[in-house]
Amino acid sequence: MRRSPIQRNEYTKRNSNGISGVIELRLSVKSDYLHVGSGSSTYRLVKKIDNIDALVEDAIEGNIPDLSAYFSPKLHLMTKYSNGTFIIPGSTIKGLVRTRLELSIPGSCYIVSKDASNTSQTYRNIFKPRKKPRDRFDPVKFPKVCPVCDLLGNSGLASRVTFSDFVGEKVNSQNVKVRGDEYECVTKNSTFRGKVVFKGLKSVEIGMLLYGFGFRIGNNTITSKTMLLGRFKFSDRQFGRVQFSLVNSNPNYLNYLKEFVSKFKPLDFNEEW
């Protein structure tokens, strides 16, 4: 399958008039587990160390004490605020939305998902990505950008949409062992809440944003599809399935979504592999 050539147009000036507002959303975990890593890890003490002196003497004599029985496997931590509240960073949410739009809209460029060499077979089966060149923005030499870059920005071009962190609302957590390590996960039916703030958008661009969050049209109403997010989403069906819902719907959203679908004729992907 050949992809459409990149469709570039003059970029929208960031002070242009348009629709401004806020979309509040809820993310629900549909799989057994969701792990969005913080990049930090630790070890848990699982057994009281009652022979410390003997272990120290052993170390002084030049031997390496075997402490494996006292500690858990390496525990990979979820992203959390300093007060312990689980979150999904706004940058992660933006990456999810951007990737789906780049893959869905014929003629858009790749930024996040550009010809990665380490993608899984499941990813390739679902999205069937094709190599495309970058769409680098230069306001003087190259002021034209693809629709997704015009909405969400590019190197040197600001986004017109701001994504908040999605903060844990009703969250249950569990440490899950995978391939010898442990992963701190939130469990099925946990929910997070966040929002996107936009300024100066056209109605069709709000429809684009909704489409990127997985909203679709069914029986003349807005429906929501399952999307993949986080660790192991392509390798273990127990992980990484989420769904967005609108906290406060707007009667115009359905028309915005219809306008976007009519204009761009986006591709759709079944992520329920």
Side-chain angles (χ1 to χ4, degrees), residues 26-56 58-60 62-100 111-114 116-124 126 163-194 226-244 271 273:
R26 179 172 286 112
L27 178 153
S28 301
V29 178
K30 298 298 181 183
S31 52
D32 292 337
Y33 310 111
L34 173 70
H35 175 82
V36 177
S38 65
S40 299
S41 58
T42 187
Y43 294 87
R44 292 183 297 108
L45 184 66
V46 296
K47 178 181 176 182
K48 183 180 179 182
I49 302 176
D50 51 11
N51 57 342
I52 293 179
D53 291 342
L55 292 172
V56 171
D58 202 24
I60 291 174
N63 300 315
I64 300 175
D66 181 7
L67 301 175
S68 59
Y70 300 98
F71 294 94
S72 70
K74 188 176 185 179
L75 174 62
H76 300 265
L77 301 175
M78 275 275 294
T79 48
K80 286 179 282 191
Y81 286 147
S82 58
N83 64 3
T85 302
F86 286 92
I87 65 160
I88 300 174
S91 57
T92 299
I93 300 295
K94 182 178 181 180
L96 178 151
V97 170
R98 174 169 209 135
T99 304
R100 298 314 189 278
I111 298 297
V112 176
S113 54
K114 176 183 175 293
S117 59
N118 58 349
T119 53
S120 72
Q121 186 60 49
T122 304
Y123 168 86
R124 292 192 290 272
I126 293 174
F163 293 72
S164 79
D165 293 337
F166 275 57
V167 180
E169 192 177 40
K170 296 178 182 176
V171 171
N172 291 308
S173 66
Q174 179 181 336
N175 297 335
V176 181
K177 194 170 184 178
V178 182
R179 300 169 193 162
D181 283 356
E182 285 189 346
Y183 290 82
E184 186 179 37
C185 299
V186 296
T187 56
K188 191 172 186 176
N189 297 324
S190 293
T191 60
F192 294 77
R193 185 165 168 169
T226 297
M227 305 177 79
L228 296 173
L229 175 71
R231 194 76 184 267
F232 306 121
K233 59 184 178 291
F234 294 127
S235 60
D236 190 330
R237 288 185 172 88
Q238 296 184 99
F239 284 82
R241 283 156 167 75
V242 302
Q243 199 167 19
F244 291 94
E271 301 185 33
W273 64 275

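Nothing fancy with the numbering, it's 1 onward along the sequence. Values in this document were obtained by computation on a predicted structure and should not be read as measured data.
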Quiz item: Is the number of heavy atoms from other residues, nucleotides or ligands within 6.0 Å of CG (Leu45) greater than 12?
Solution: yes
Self-check item: Contact check, side chains of Ile52 and Val56, non-hydrogen atoms, under 4.5 Å
Solution: yes
Quiz item: CG of Leu27 to CG of Leu229: how many Å apart, nearest 0.5 Å?
Solution: 6.5 Å
Self-check item: Validation row: Ser164, Ile93 side chains within 4.5 angstrom (heavy atoms)
Solution: no
Quiz item: Between atom CD1 of Ile126 and atom CG of Leu228, what is the distance when rounded to the nearest 0.5 Å?
Solution: 5.0 Å
Quiz item: Do Arg100 and Glu271 have side chains that get closer than 4.5 Å, going by heavy atoms?
Solution: yes
Quiz item: How far apart are the closest heavy atoms of Asn172 and Ser190, and which atoms are they?
Solution: N-OG, 3.1 Å
Self-check item: Ser28 versus Gln243, side-chain donor and acceptor atoms under 3.5 Å
Solution: no
Quiz item: Any cation-pi pair here, Lys80 with Phe86, using under 6.0 Å and within 45°?
Solution: yes
Quiz item: Can we call the ring centroids of Phe239 and Phe232 under 6.0 Å apart?
Solution: yes
Quiz prompt | Stepwise side-chain hydrogen bond (donor to acceptor under 3.5 Å, both in side chains) check, Thr191 with Glu169 | solution = CA-CA 5 Å; Thr191 60; Glu169 192 177 40; 3.2 Å; yes
Quiz item: Would you call Phe244 and Met227 a side-chain contact if the rule is heavy atoms closer than 4.5 Å?
Solution: yes
Quiz item: Taking atom types as modelled and ignoring hydrogens, do the side chains of Asp165 and Tyr81 form a donor-acceptor contact shorter than 3.5 angstrom?
Solution: yes
Quiz item: So does Lys74 pair up with Glu182, basic N to acidic O under 4.0 Å?
Solution: no
Quiz item: Can you tell me how far the CD atom of Gln174 sits from the CG atom of Asp32, to the nearest 0.5 Å?
Solution: 9.0 Å
Quiz item: Rounded to the nearest 0.5 Å, what separation is found between the CG atom of Leu34 and the CD atom of Glu184?
Solution: 11.5 Å
Quiz item: Are the side chains of Leu77 and His35 in touch, meaning some heavy atoms are under 4.5 Å apart?
Solution: no
Quiz item: Heavy atoms, side chains only, cut-off 4.5 Å: are Arg237 and Trp273 in contact?
Solution: yes
Practice problem: Using a 4.5 Å cut-off on heavy atoms from C-beta on, say whether the side chain of Thr187 contacts that of Tyr33. | Solution: yes
Self-check item: Interatomic spacing from NZ in Lys47 to OG in Ser72 - rounded to 0.5 Å
Solution: 14.5 Å
Quiz item: Should Gln238 and Cys185 count as side-chain neighbours, where that means a heavy-atom distance under 4.5 Å?
Solution: no
Quiz prompt | Phe192: which of Val242, Val171, Val167 passes side-chain contact (heavy atoms from CB on, under 4.5 Å) | solution = Val171
Self-check item: Atom pair CE/OG of Met78 and Ser40 - distance to nearest 0.5 Å
Solution: 12.5 Å
